[in-house]
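Worksheet: one structure, shown below.
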Amino acid sequence: QVQLVESGGGMVQAGGSLRLACASSGRTFSSMVMAWFREAPGKEREFVAHIDWSGRSTYYTDSVKGRFTISRDNAKSTVYLQMNSLRPEDTASYYCAAPPRRYYFPAINEYVDWGQGTQVTVSS
């Protein structure tokens, strides 16, 4: 099992930036795909981005492309989400997630380990 702890959330005005971090312990971080999801009040949890174990391959949902950047530091077992040009519709709890095994690209519903979430609130 992987333990994940998110940090970096907060309140920001539209157009502002935040950087989220997710620290991991447990299974070998450097061999895991890592992902960020978000959940807004009254809505289903939504995939935001993922990054492969090397950090060379990333993928984003359309609504955040060009504004958000996912990255990782394997030496620190940490994955990041840099969020720029924030919009009110980005308001949500943000969660990092890990798949069930190493060197494996999971389907969106296959992530098994989750952090507790960090709240991001964007005011207009």
Looking at [X] versus [Y], is the centre-to-centre ring distance below 6.0 Å?
X	Y	answer
Tyr103	Trp53	yes
Tyr60	His50	no
Phe47	Phe37	yes

Taking the side chain as every heavy atom from C-beta outward, state whether [X] and [Y] have any atom pair closer than 4.5 Å.
X	Y	answer
Val120	Leu20	yes
Glu39	Glu46	no
Thr69	Met83	no

Does Ile51 share a hydrophobic cluster with Tyr80, counting links as ILVMFWY side-chain heavy atoms below 4.5 Å and allowing steps through other members?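 Shared cluster, no.
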Within 45° of the ring axis of Phe29 and under 6.0 Å from its six-membered ring centre, is that where the NZ or CZ of Arg72 lies? yes
Whether Arg38 engages the ring of Tyr95 as a cation-pi pair (distance to the six-membered ring centre under 6.0 angstrom, angle to the ring normal within 45°) should be assessed.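 No; the conditions do not both hold, so Arg38 does not lie above the ring face of Tyr95.
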Using 4.0 Å as the upper bound for N to carboxylate O, is an ion pair formed by Asp90 and Arg87? no
Of the non-hydrogen atoms in [X] and [Y], which two are nearest, and what is the gap between them?
X	Y	value
Asp52	Val33	CA-CG2, 4.1 Å
Asp113	Val2	OD2-N, 3.5 Å
Thr91	Gln119	CG2-NE2, 4.0 Å

Near Glu44 CD, under 6.0 Å, is it more than 12 heavy atoms from other residues, nucleotides or ligands? no
Are more than 12 heavy atoms from other residues, nucleotides or ligands located less than 6.0 Å from atom NZ of Lys65?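 Atom NZ in Lys65 is packed in, count exceeds 12.
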Separation between OG of Ser30 and CZ of Arg102, rounded to the nearest 0.5 Å: 7.0 Å
Side chains of Ser17 and Asn84: is there a donor and an acceptor less than 3.5 Å apart?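 Their side chains do contain a donor-acceptor pair, which is all the 3.5 Å distance test asks for.
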